[in-house]
Amino acid sequence: MLTAFSPKLKICCIGAGYVGGPSCAVIAYKCPDIQVTIVDINEQRIKEWNSDNLPVYEPGLDEIVFACRGKNLFFSSDVDFHINEADLIFVSVNTPTKKSGLGAGFASDLAYLESATRRIAKVATSSKIVIEKSTVPCKTAESMRAILDANSNDLIRFDILSNPEFLAEGTAINDLLHPDRVLIGSLTTPEGIRARSVLASVYEHWVPKEKIITANLWSSELSKLAANALLAQRISSINSLSAICEATGADVDEVAFACGLDSRIGPKFLKASVGFGGSCFQKDILNLVYLSESLNLPEVAAYWNQVVIMNEYQKERFTSRIIKSLFNTITNKNLAIFGFAFKKNTGDTRESAAITLIKYFLRENANVRIYDPKVPKEQIVRDLTDPEVASVEKFNQRVQMFDCPYEAAKGTDAIVIVTEWDEFKVLDYQKIYGEMNKPAFVFDGRSIVDYNVLKKIGFKVSVVGKAI
Ligand code: NAD
């Protein structure tokens, strides 16, 4: 029975990534009576969490970590020790997609989750509440249960909860401090309900009770996939309309505004762009597609798969527009790439549209000059020298990275705005124009600059979703 908690509740979070780090740092910050230790097998990452230079950039994260680190927040690579001393264990490891060995589809790679679960089963010498924080396919808790149960006995009991994380990178701290909801999935047995209330009591330190909602385990797991699929679907929907706008003279921002005023639709997530990126949207939709296929629901699978197809199409379409505008060839032309992160206010580049666009540009033998205010150069090198993107030789020949947008734009034929960093709205474009080849182009893949101002300066401008 789960009764003998240590006097000070102890939480261990397995996985010190973009989710485990910020979400458990906020728990420590809001719950001084709870000891939180975030562990990872990646020792370098733990070193960085213990340094002045945290491995994750999120507005407000430094302040929170520095306020409680060493008091009730710890980062450690001694995974086994902290698993064993914890009462509650969050499993927040990566769950990437992998090409399924069966058929052509993609499946969730649950190897890290399974390995963390096996670790818990092996080293725990007392009862634990194990919480799925990672995004997982529906029914994953059943596999975790099978692994954990094989190691339980009269003295050691494992309760499993699902507590998916809905934070968005770039606004993670605000999302964690003021969540729209906290979802806790559990079995409806007395033990499941007891475990659920222990976790709820942690969140109740700062989240209003009515925002802490409960569900059965499978609803909770599916809700996370569904939420991301619905968000991505909105982006693909507005992007599909942006193609019609470019072809007709309608303006996607005006269309989005008009539609968004309908309270049934709402204005959020209706911004046309070069396509969504990030580690979650595509992965979670592909999981949903795989789940639908495995449940023998091919039409459902095809429906959601179209969201991903549309996203790829948007990037191809944007690239074609650039090539066409630049007189049908970009060979040996210089392109300034403004932004490499998958969105503003993060240094994360996973599935960033920039990578795909640059892959296309390099295939067409363009030279690219990249500037991003937050992405480390080593990360850009890693992303672009992936054999799927470019050879090391091509990278060395064609790619340069800059610390300043003005330097990046010097001597280029075009600026391609890929990430919606605020600073790109207020650059001195007059100065930039003076140092570019003519005619000078701006391709705004985020519709963030005032194209009338740019046109007045002399630029030729193309904006996603506008026929200009
Ligand atoms: P991440 O790759 O940044 O971090 C995962 C960490 O887990 C890595 O540092 C890795 O070394 C560590 N790890 C893997 N196996 C381990 C083990 N056995 N023991 C100890 N550490 C181990 O991933 P992330 O972005 O933090 O995502 C984590 C999960 O949260 C994923 O399932 C993801 O889908 C989900 N999620 C992500 C976001 C997001 O915005 N990034 C939002 C909501 C949910």
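Since the structure is predicted, the reported quantities are computational estimates derived from the model, not experimental observations. Atoms within a ligand are numbered from 1 in the order they appear, just like the ligands themselves. Residues: numbered from 1 along the sequence shown.
A heavy-atom cutoff of 4.0 Å around ligand 1 is satisfied by the protein residues Ile14, Gly15, Gly17, Tyr18, Val19, Asp40, Ile41, Asn42, Arg45, Ser92, Val93, Asn94, Thr95, Tyr112, Ser115, Ala116, Ser134, Thr135, Glu165, Leu167, Glu169, Lys224, Ser279, Cys280, Lys283, Arg350.
Salt bridge absent: Arg145 and Glu142 never bring a charged side-chain N and a carboxylate O closer than 4.0 Å. Using a 4.0 Å cut-off between charged side-chain N and carboxylate O, Asp348 and Lys343 make no salt bridge. In summary, Lys344 and Glu420 do not engage in a salt bridge, as defined by a charged side-chain N under 4.0 Å from a carboxylate O. Between Lys377 and Asp403 there is a salt bridge, since at least one side-chain N of the basic residue sits less than 4.0 Å from a carboxylate O of the acidic one. Here Arg382 does not pair with Glu378 in a salt bridge; the nearest charged N to carboxylate O distance is not below 4.0 Å.
Ring centroids of Phe338 and Phe424 are separated by less than 6.0 Å, placing the two rings close together.
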